[in-house]
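Reading through the structure tokens given below for one structure.
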Amino acid sequence: MEFIQDLMTYSFLQKALITSVMVGVICGVIGSFIVLRGMALMGDAISHAVLPGIAISYMLGINYFYGAVLTGVLTAFGIGAISQNSRIKNDSSIGIVFSAFFALGIILITRAKSATDLTQILFGNVLSVRTSDMWLTLIIGTIVILVVVLFFKELLVSSFDETMAAAYGLKTQLIHYTIMFLLTLVTVASLQTVGVILVVSLLITPASTAYLLTNRLSIMVVLAAFFGAVSSIIGLYFSFLYNMPSGPVIALAATGIFILAFLFSPKQGIIVSKIRSRAKRKAITNATH
């Protein structure tokens, strides 16, 4: 009740709640395609690689959005260039590029700003969300959802079978880099909420939770968006209540929901499967006797 009263009173908390929900939704939506395409490492890479862009933006006195998007896009193209033009495999290319960008970003941030600012960038602080951050998240969320709705069939086919998508005449490379661009936008939108280090948790965990509960992509996207939003609300509540960084709390909330699905999912939950197996064995035993 105290949290609800504060929510009705303080505008900064209202902005934090709206932004958290939007971030959870768009992370769940784009995260569904990242999980299906086996690109979790790429999500981790881009979320870390935007750091030097943020640092350069601070140094130049411009909005961090521009620098973060630029370095995120450069990361995606850099990884593709290395893996496609050498014997080095994709996962190794990801490790090379994102570690280099992340190291450069930490050096630039520590020279440009204080350790407090670095902590907020790395781990997030949703309670310091500004009005401009909220509107930026809304714009990015609108772009992401529009692209997914308009090109859902193309995304679906290419996510499940890229070879068949190419046979149908779909431009799989363009689709891949479009997803990378959307992933970069979502990462930038999530920085204030969960921070650079833990963006990947909100991208991957709600989508993985949804993946345990359904075999249909459309339902998976909706469930992932719902779980992302719920994780963000829970994380905001506890980070406000105990004055903790929002990123780690949101990540733990998402993990808690995943564990529940992992254990109790009707089709794939470990505990449910064991109960079903025992019931079958008991039925077979009773039938034989």
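These values consider heavy atoms only, across backbone and side chains, with no hydrogens, waters or symmetry-generated copies.
The heavy-atom pair separating Ile82 from Ser86 by the smallest distance is O-OG, 2.5 Å. The two residues Ile88 and Ser93 come nearest to each other via the heavy atoms CG2-OG, 3.6 Å. When all heavy atoms of Ala210 and Ala224 are compared, the closest pair comes out as CB-N, 3.6 Å. For the pair Pro52 and Ala49, the tightest heavy-atom approach, listed with the atom from each and the gap, is CD-O, 3.1 Å. Minimum heavy-atom separation, Ser190 to Cys27: OG-SG, 3.2 Å. Looking at every heavy atom in both residues, Ala254 comes nearest to Thr205 through O-CG2, 3.4 Å.
Using a 4.5 Å heavy-atom cutoff, the side chains of Arg37 and Ile175 are in contact. The closest side-chain heavy-atom distance from Leu51 to Phe101 is not below 4.5 Å. Proximity of Met42 to Ile179: side-chain heavy atoms (C-beta onward) are nowhere separated by under 4.5 Å. The shortest distance between side-chain heavy atoms of Leu202 and Pro206 falls below 4.5 Å. Side-chain contact check for Phe160 versus Leu217: some heavy-atom pair is nearer than 4.5 Å. Side-chain contact between Ser99 and His48 is absent, with no heavy atoms from C-beta onward closer than 4.5 Å. Contact annotation: the side chain of Leu203 approaches that of Leu183 to within less than 4.5 Å [non-hydrogen atoms, C-beta and beyond]. In this structure the side chain of Asp133 never reaches within 4.5 angstrom of the side chain of Thr19, judged on heavy atoms.
The CD atom of Glu154 lies 12.0 Å from the NZ atom of Lys171; values are rounded to the nearest 0.5 Å. A distance of 9.0 Å separates CG of Leu212 from CE of Met220, quoted to the nearest 0.5 Å. With rounding to the nearest 0.5 Å, the separation of CZ in Phe98 from CD1 in Ile79 is 9.0 Å. Here the NZ atom belonging to Lys15 is positioned 8.5 Å from the OG atom belonging to Ser132, to the nearest 0.5 angstrom. Note: Ile30 CD1 to Met180 CE = 8.0 Å, rounded to the nearest 0.5 Å. Within the model, atoms CD1 of Ile250 and OG of Ser231 stand 8.0 Å from one another, a figure rounded to the nearest 0.5 Å.
Every side chain to side chain contact (heavy atoms under 4.5 Å, CB included) that Val230 has, sequence neighbours left out, goes to Phe226, Ile234, Ile257. For Ser208, the side chain to side chain contact (heavy atoms under 4.5 Å, CB included) partners are Val35, Ile204, Phe258, not counting sequence neighbours. A search for side chain to side chain contact (heavy atoms under 4.5 Å, CB included) contacts involving Leu136 returns Tyr64, Phe65, Ile140, not counting sequence neighbours.
The only option from Thr75, Leu70, Ile46 that meets the side chain to side chain contact (heavy atoms under 4.5 Å, CB included) definition with Thr184 turns out to be Ile46. Screening Leu138, Ile145, Ile139, Val144 against Thr142 for a side chain to side chain contact (heavy atoms under 4.5 Å, CB included) leaves a single residue, Leu138.
Residues Val148 and Leu185 are members of one and the same hydrophobic cluster, defined by side-chain heavy-atom contacts under 4.5 angstrom among Ile, Leu, Val, Met, Phe, Trp and Tyr. In the hydrophobic clustering of ILVMFWY residues, with side-chain heavy atoms under 4.5 Å counting as a link, Val222 and Ile233 come out apart. In the hydrophobic cluster analysis, where Ile, Leu, Val, Met, Phe, Trp and Tyr join through side-chain heavy atoms closer than 4.5 angstrom, Leu252 is grouped apart from Tyr237. Using a 4.5 Å cut-off between side-chain heavy atoms of Ile, Leu, Val, Met, Phe, Trp and Tyr, with links allowed through other members, Leu182 and Leu146 fall into different hydrophobic clusters. One hydrophobic cluster, built from ILVMFWY side chains closer than 4.5 Å, holds both Phe33 and Leu150.
Without hydrogens or angle criteria, Thr71 side chain to Ala68 main chain gives a donor-acceptor distance under 3.5 Å. Judged by distance alone, the side chain of Thr214 and the main-chain N or O of Ile219 form no donor-acceptor pair under 3.5 Å. Side-chain N or O atoms of Thr172 include none that pairs as donor or acceptor with a backbone N or O of Ala166 at under 3.5 Å.
Atom CZ of Phe151 sits in a sparse spot, with 12 or fewer heavy atoms from other residues, nucleotides or ligands closer than 6.0 Å.
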* For side-chain contact (heavy atoms from CB on, under 4.5 Å), just list the numbers for Thr209 and Leu223, CA-CA rounded to whole Å, side-chain angles, deciding distance to a tenth of an Å, and then say yes or no. => CA-CA 8 Å; Thr209 305; Leu223 285 176; over 6 Å; no
* Go through Leu236 and Leu13 one step at a time and tell me if the side-chain contact (heavy atoms from CB on, under 4.5 Å) criterion holds. => CA-CA 9 Å; Leu236 172 64; Leu13 198 55; 4.3 Å; yes
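A parallel orientation is assigned to the rings of Phe77 and Tyr177, their planes being inclined by less than 30° (bins at 30° and 60°).
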